[in-house]
Each structure stands twice: as structure tokens, then as C-alpha cells.
Amino acid sequence: MIFVSSNKHKFLEISRMMENKGITVEWKRMKYEEIQADTTEEISLDSARKLSASIGEPFFLEDTGIFLDSLGGFPGPYSSYVQSKIGNSGILRLIEGRNRSAYFLTVITYFDGRLFHQFSGKLNGTIAQSERGNLGFGYDPIFIPDGFDITLGEMELESKNRISHRSKALQALVDYLLANHGI
Ligand code: IMP
């Protein structure tokens, strides 16, 4: 299976999950333009549509966002921009004194050579009081998944994979492939 991304962490998580299912993932490492849209679904689909013309064979990609309840879901589809502009410390300042519940959403778009299919996965949690851990990437050091008292930044890849938004979306894709193509 071809996975398109410029993000090494995403590839490592995805390839490990798939390896555990006996599926090899080929990393097409490339940067592509993402539109700014109101939903993660739109961004993911638009990217896949644009790339399908040049790739010309089945592949999947994903778009992920972090949604903060007290900020009406912000940054959500703007997560990449916000991470690059204000980082985790900026998020911590923004929600000081507010409700800290949040979730991650991953939307995978799979191009089967003809049609596009989307699969999503969600992980609920809370924003930590400070950054903790240097594992993972992006918002991981400030996100504590429900049922845990450590951040994703303090979790080994295998543990993150057991619960993550990304692994749930990926499982939905695998279930679809098994049901429809036998992989
Ligand atoms: P994108 O899906 O690459 O557009 O990611 C949007 C933003 O969310 C970027 O700043 C990523 O670093 C961050 N991000 C994506 N996935 C994760 C994750 O699993 N954990 C923490 N941050 C993430």
C-alpha cells in the first residue's frame, strides 16, 4: 500500500501498525499543497484528488487536527498553521483557565485507482498543564488521552498506536479493504 506524506512520524506510526497486520506500506515521501478549508475531511479529500492525477495508482493519505472544546473546536483544520505559528506553548496560553477537553481527528482518504473513500478516527482527551515528554510529534506533548495520566509525548509508539486517532482511522481502512478486496 502506498502512503503519501512528508511526515516521517506519521509514516512510522502507520507502517508499524500495518506491519503488525502483515501489510507492507510503501512511503511516498512528498510535500503537497493543502487547501485551507473548514473541515479535515475536505482538506484530506482535496489533497487526494489533486495527487491522484500524478500518482495514477492506489494510495492513501491523511489529514489530522486537534479540536479544543473551549475554543469551539479551534484549531481543528487550522492545526498545522497554528502549530507552526504559536506552538504548544501558545495553545497552553490560549486555554488558560478554560475547559481543557479536546480531541484529535484523523481523516484518511484512500484512492482505489478510480474512487475516493474516507475513514476517520477520533481520540478524546484533555490538554495538559504543561508540555510533557519528547516522544511523538506535534501536539503529542500537551495531549493526555482519556483513561491515562501521561501525555502522548510520554508514550512509546506502540502504546500510542493502540489507542490513537490515526490507528482507528487506519483500522477502518483495513476493514474496508478486507471486506472489499481481500487486501
Ligand atoms: P497535518 O495532518 O500534517 O496537517 O497535521 C496538522 C498538525 O497537527 C501538525 O502541526 C501536526 O504536527 C499535528 N499532528 C498531526 N498528527 C498528530 C498526532 O498524532 N499527534 C500530535 N500532533 C499531530
Side-chain angles (χ1 to χ4, degrees), residues 3-21 25 27 34 36-44 47 60-109 118-175:
F3 174 62
V4 181
S5 177
S6 60
N7 186 320
K8 186 179 177 183
H9 297 279
K10 287 185 180 181
F11 169 69
L12 289 175
E13 290 180 13
I14 281 178
S15 61
R16 177 75 65 86
M17 279 182 262
M18 292 297 244
E19 208 176 281
N20 292 341
K21 300 175 197 298
V25 177
W27 184 18
E34 276 183 5
Q36 195 63 74
D38 289 343
T39 67
T40 307
E41 285 80 1
E42 284 172 77
I43 298 171
S44 181
S47 302
F60 69 102
L61 53 72
E62 61 99 292
D63 193 65
T64 295
I66 189 168
F67 297 72
L68 276 64
D69 288 348
S70 59
L71 302 182
F74 184 82
Y78 306 97
S79 294
S80 185
Y81 182 75
V82 167
Q83 176 65 232
S84 68
K85 294 294 173 195
I86 63 171
N88 288 335
S89 57
I91 292 284
L92 292 177
R93 276 196 303 276
L94 273 180
I95 62 153
E96 234 172 63
R98 295 171 183 253
N99 174 339
R100 307 185 81 85
S101 56
Y103 66 88
F104 272 111
L105 174 71
T106 290
V107 179
I108 288 178
T109 302
Q118 290 199 305
F119 307 91
S120 59
K122 196 173 166 186
L123 176 65
N124 292 313
T126 52
I127 300 299
Q129 296 293 339
S130 59
E131 293 186 56
R132 280 169 19 207
N134 52 12
L135 303 171
F137 67 104
Y139 296 98
D140 281 346
I142 59 166
F143 188 88
I144 304 173
D146 282 353
F148 291 79
D149 52 15
I150 58 173
T151 68
L152 288 177
E154 295 172 302
M155 260 185 208
E156 297 296 338
L157 186 144
E158 284 279 356
S159 309
K160 180 179 174 186
N161 273 353
R162 243 173 262 133
I163 58 167
S164 82
H165 38 297
R166 185 163 292 108
S167 65
K168 287 175 188 161
L170 196 67
Q171 187 59 53
L173 167 64
V174 169
D175 290 346

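We number each residue from 1, following the sequence as shown.
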Using residues 139-158 as the side-chain source, report each donor-acceptor pair under 3.5 Å to any protein atom, sequence neighbours left out, with the distance given to one decimal.
unit_1: Y139; atom_1: OH; unit_2: S79; atom_2: O; d: 2.6
unit_1: Y139; atom_1: OH; unit_2: Q83; atom_2: N; d: 3.1
unit_1: D140; atom_1: OD1; unit_2: K160; atom_2: NZ; d: 3.3
unit_1: D140; atom_1: OD2; unit_2: F137; atom_2: N; d: 3.0
unit_1: D140; atom_1: OD2; unit_2: K160; atom_2: NZ; d: 2.9
unit_1: T151; atom_1: OG1; unit_2: R132; atom_2: O; d: 2.6
unit_1: T151; atom_1: OG1; unit_2: G153; atom_2: N; d: 3.2
unit_1: T151; atom_1: OG1; unit_2: E154; atom_2: N; d: 3.3
unit_1: E154; atom_1: OE1; unit_2: R132; atom_2: NE; d: 3.3
unit_1: E154; atom_1: OE1; unit_2: R132; atom_2: NH2; d: 3.3
unit_1: E154; atom_1: OE1; unit_2: T151; atom_2: N; d: 2.9
unit_1: E158; atom_1: OE2; unit_2: R16; atom_2: NH1; d: 2.9

query: So do the side chains of N20 and N161 get within less than 4.5 Å of each other, counting heavy atoms only?
result: no
message: Parallel, tilted or perpendicular: which one describes the rings of F11 and F3, with boundaries at 30° and 60°?
response: parallel
message: Which residue in the set H165, R166, K10 passes side chain to side chain donor-acceptor pair (under 3.5 Å) when paired with T64?
response: R166
Check residues 118-127 and write down every donor-acceptor pair under 3.5 Å in which the side-chain atom is one partner and the other belongs to a residue at least two apart or another chain.
unit_1: Q118; atom_1: NE2; unit_2: E41; atom_2: O; d: 3.0
unit_1: Q118; atom_1: NE2; unit_2: T109; atom_2: OG1; d: 2.9

- prompt: What's the shortest heavy-atom distance between H9 and G136, and which atoms?
  reply: CE1-O, 3.6 Å
Pair R162-S167, side chain to side chain contact (heavy atoms under 4.5 Å, CB included): steps then yes or no: CA-CA 7 Å; R162 243 173 262 133; S167 65; over 6 Å; no
statement: Quick note, salt bridge (Lys or Arg N to Asp or Glu O under 4.0 Å) partners involving residues 86-100, not counting sequence neighbours, are none
query: With no hydrogens and no angle check, is any side-chain donor or acceptor of S44 less than 3.5 Å from a backbone partner on V107?
result: yes
task: Output the distance between atom CD1 (I43) and atom CG (L61), rounded to the nearest 0.5 Å.
output: 11.5 Å
- prompt: Step by step, would you call L173 with L170 a side chain to side chain contact (heavy atoms under 4.5 Å, CB included)?
  reply: CA-CA 5 Å; L173 167 64; L170 196 67; 4.2 Å; yes
Residue pair P77 / F67: nearest heavy atoms and the distance that separates them: CD-CE2, 4.0 Å
- request: Decide side-chain hydrogen bond (donor to acceptor under 3.5 Å, both in side chains) for N99 and S101; before the verdict, give the C-alpha distance in whole Å, the side-chain angles of both, and the deciding distance to 0.1 Å.
  value: CA-CA 6 Å; N99 174 339; S101 56; 2.8 Å; yes
field: Flag side-chain contact, heavy atom, 4.5 Å: I66 against F74
entry: no
- line: Value for CD1 (I95) from CD (Q129), rounded to nearest 0.5 Å, stands at 8.0 Å
